[in-house]
There are 2 protein chains.
Amino acid sequence: MASTIKDVSAIAGVSMKTVSRVLNKERYVSEKTRLRVERAVAELNFRPSVAARILAGKRSYQIALIYDNHSPHYIHQIQTGVWARCIEEGVRLLAQPSDAASPILAREIGGLIDQTQVDGVILSSPVTDAPGALEELEKRGIPYVRISPGTDYDRSSSVSMDDVQAADDMTSHLIALGHRRIGFVVGHANHTASDQRLFGYRRALDKAGLAFEPKYVRPGAFDFSSGEAAGDVLLDLAQPPTAIFASNDDMAAGVLTVAHRRGMSVPRDLSVVGFDDTALASQLWPPLTTVRQPTRDLAYAAAGLLFDAADEVVHRRLPHELVLRASTAGPRKS
Amino acid sequence: MASTIKDVSAIAGVSMKTVSRVLNKERYVSEKTRLRVERAVAELNFRPSVAARILAGKRSYQIALIYDNHSPHYIHQIQTGVWARCIEEGVRLLAQPSDAASPILAREIGGLIDQTQVDGVILSSPVTDAPGALEELEKRGIPYVRISPGTDYDRSSSVSMDDVQAADDMTSHLIALGHRRIGFVVGHANHTASDQRLFGYRRALDKAGLAFEPKYVRPGAFDFSSGEAAGDVLLDLAQPPTAIFASNDDMAAGVLTVAHRRGMSVPRDLSVVGFDDTALASQLWPPLTTVRQPTRDLAYAAAGLLFDAADEVVHRRLPHELVLRASTAGPRKS
DNA sequence: TATCAATATGACAGCGCTATCATATGGCGT
DNA sequence: ACGCCATATGATAGCGCTGTCATATTGATA
């Protein structure tokens, strides 16, 4: 059924090696032969066998994307971005869910590499910060790029956004609206972004000369129900916050639900903001003011770094954006 | 770095072929040798090269999942389900986004197969109903299983839920609550499930002796904004519906937003229901009454069919479930 | 014209496995 | 004792490519 290089070389009237040269865009092929070969390839609708290429050559034309994230939206955007860049490069993508906290993560990654011989790996947060994983990749000399790493910044190329500045911007925006008691729901403890967003929140308070009140900060885990729990605690305070900043949209949705359940009107009685600008943010009522995290673009850029600058360590930082919607307003005069 | 069968055979003191036999669980290997080989494999942490296996053998230990769906939640569940089954089988999964309406879909699938030699393919709706794709797979003799196919039911094995019955159940539930004017938002025209859900709605009306009113049915596209548009039209009617059934949760979210925007209270002034029970459904306010579609289980079962019953055509139908939440109530007395 | 590097092409081995076929061993019936 | 089949193992070829090295064929330079 499927044709081989041999078939192509027969039709084009050249050696197999020359066909191989054309396929790999190597130098030293004359224009004339290249055209002949390309015509033969098109005629047979020939596709080289990835397996044979891996076995014979050094490249596999495959990269792996390793992720462990419980937000389907986030994963989807990451996949889409990396995918788009891979298509351009003619490289296949192996998507690999995993568990960043698993003790066998390194072994799994090792197995993946042994089995598939991927040319490179893209790590998305929080796998970016699993020491075992990084060691395994380095031991094998596999190039890798990290998306939003939290630790060992200079250990590999990476793409990221400025979480600290984004949280600072959002907090400053709330302060500018007149809020003085601002609640904060922290993200999952595994993710370094959680710390950074918390730090940005504190920095903004500090710049504005507002005191940091630990009671206004609640832990969360990036999921809806932890947002609900945190919202309940914050709104039960004697002096409840007039605005709540959740470290992602899912948790903000939880806060919103708690407010509705208590018969509060958002944003009249309470302003709520999120982080990420997932699809969820605009599908809630009221639509959520949030930080647009350029997830898809980060993923696209990460794949680009992997292909372009295999050797040197490069960091690319992409801009974020405040998305102002209807969930925020000034505090009620009281 | 990575070890080979040769290394294993040297340690175990047997031939390469015997090691291969153990790896492939072939017959005619004595217990004793099998243990020796397994110990050597463990010692070297040996993983056979997928590439070499593909090249030499008939199997590739890889399957592909082809999808084209704009709901990240749905994709995520499909991926997770198929993935889980693949892990059990020790098979690698290639996830392949695609465009069901693209004229080059068949060529893309052909290319994928030529390049990667996948052992089988899982098609998720609506790629399930792309004639070119099915022909390509059959031409190449690649086994495939479809998830929720809409056409050519007996053409391949498949897993599905009963969309007609589910929509009937939900509509009957609304009627039982006392609703007589029930709006319906149809799904994307590409998906056969859209027709089936509409038919279930009509069948329930019919059984209850209620007339089918075309003006209460609006087209949609499975996304939030088409839900908003449909909701606006329905609520602008002189005799607006007292309940709206959207063919998926995203569109129900759109209807909910329109209702909020008009200052209506859900479910007091309007009941709203969705379909799928994605995470979104429980994160909205009020939480959405919906049909739980067992997406993850469908995907898991689909992979199972691919591995188990490669030859015969088997259909597996999984049960759905009405999830009653706070977005429904009886109509207001008027 | 001779010389050399840059360009262009091909012959052939071998990547790490599995398929095929050959061979060896043991137990059972006659 | 002999054949015969089920069981158990190995030797060898080759899957479809690419790497290496050898071999033209140019054009520029001395």
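Since this is a predicted model, take the numbers as computed values, not measurements.
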(request) Specify the separation, in whole Å, of atom CD of B/Q117 and atom C1' of D/dG16. (result) 10 Å
(request) Determine the sole option in B/T4, B/T33, B/V8, B/D7 for which the side-chain contact (heavy atoms from CB on, under 4.5 Å) test with B/V19 is passed. (result) B/V8
(request) May I have the distance from B/I5 (atom CD1) to D/dT9 (atom P), rounded to whole angstrom? (result) 16 Å
(request) Return the set of residues passing ring pair (Phe, Tyr, Trp, His ring centres under 6.0 Å) with A/F222 (not counting sequence neighbours), or none when no residue passes. (result) A/H191
(request) Please state how far atom CD in B/Q115 lies from atom C1' in D/dG16, giving the value in whole angstrom units. (result) 13 Å
(request) Provide, to the nearest angstrom, the distance between the NZ atom belonging to A/K6 and the P atom belonging to D/dC15. (result) 7 Å
(request) Please determine if A/R85 forms a cation-pi arrangement with A/F307, meaning its NZ or CZ atom is less than 6.0 Å from the six-membered ring centre and no more than 45° off the ring axis. (result) no
(request) Taking heavy atoms of chain B and a 4.0 Å limit, find me the 5'-most and 3'-most nucleotide of DNA chain C within that range. (result) C/dG16 to C/dT20
(request) Identify, residue by residue, the members of residues 48-59 of chain A with a heavy atom below 4.0 Å from DNA chain C, and return them in order of residue number, or none. (result) A/L55, A/A56
(message) I'd like to check A/I142 versus A/I113 (side-chain heavy atoms, cut-off strictly below 4.5 Å). Are they in contact?
(response) yes
(message) So, OP1 or OP2 of D/dT18: does either fall under 4.0 Å of a side-chain N or O from A/S20?
(response) yes
(message) Whether the side chain of B/T116 engages the backbone of B/L112 through a donor-acceptor N/O pair (distance < 3.5 Å, no angle test) should be reported.
(response) yes
(request) Nearest whole angstrom, please: distance from the P of D/dC17 to the CG of A/L23. (result) 8 Å
(request) Measure the distance from CG on B/D114 to P on D/dG16 and round it to the nearest whole Å. (result) 12 Å
(message) Considering every strand and a 4.0 Å limit on heavy-atom distances, what is the contact class for A/F46: base, sugar-phosphate, or nothing?
(response) sugar-phosphate
(request) Apply salt bridge (Lys or Arg N to Asp or Glu O under 4.0 Å) to the pair A/R39 and A/E43, showing each step before the final yes or no. (result) CA-CA 6 Å; A/R39 212 171 302 128; A/E43 184 180 329; over 6 Å; no
(message) I'd like to check B/H76 versus A/H76 (side-chain heavy atoms, cut-off strictly below 4.5 Å). Are they in contact?
(response) no
(message) For A/S158, run the side-chain hydrogen bond (donor to acceptor under 3.5 Å, both in side chains) check against A/R146, A/R316, A/H315, A/R317 and tell me which one passes.
(response) A/H315
(request) Check whether any side-chain N or O of B/T18 sits under 4.0 Å from OP1 or OP2 of D/dT9, and answer yes or no. (result) no
(message) Strictly distance-based, threshold 3.5 Å: is any side-chain N or O of A/S157 a donor or acceptor partner for the main-chain N or O of A/V314?
(response) yes
With 3.5 Å as the limit, what N/O pairs link the protein to nucleotides 11-13 of chain D?
none

(message) Please confirm whether the shortest side-chain N or O distance from B/Y28 to OP1 or OP2 of D/dA8 is below 4.0 Å.
(response) no
(request) Please state how far atom CD in A/Q62 lies from atom C1' in D/dC17, giving the value in whole angstrom units. (result) 15 Å
(request) Of all the heavy-atom pairs spanning B/I122 and B/L306, show the shortest one and how long it is. (result) CG1-CD2, 3.8 Å
(request) State, with a plain yes or no, whether a side-chain heavy atom of B/L93 is found less than 4.5 Å away from one of B/I63. (result) yes
(message) One thing to verify: whether B/R140 and B/D114 come together as a salt bridge, which I'm taking to mean a side-chain N less than 4.0 angstrom from a carboxylate O.
(response) yes
(request) Name all residues meeting the side-chain contact (heavy atoms from CB on, under 4.5 Å) criterion together with A/I87; count only those two or more places apart in sequence or in a different chain, and write none if there are none. (result) A/W83
(request) Identify whether the distance between the nearest side-chain nitrogen and carboxylate oxygen of A/E136 and A/R107 falls below 4.0 Å. (result) no
(request) Return the angle between end axes of the helix from C/dT1-D/dA30 to C/dT30-D/dA1, with five pairs used per end and rounding to 10°. (result) 50°
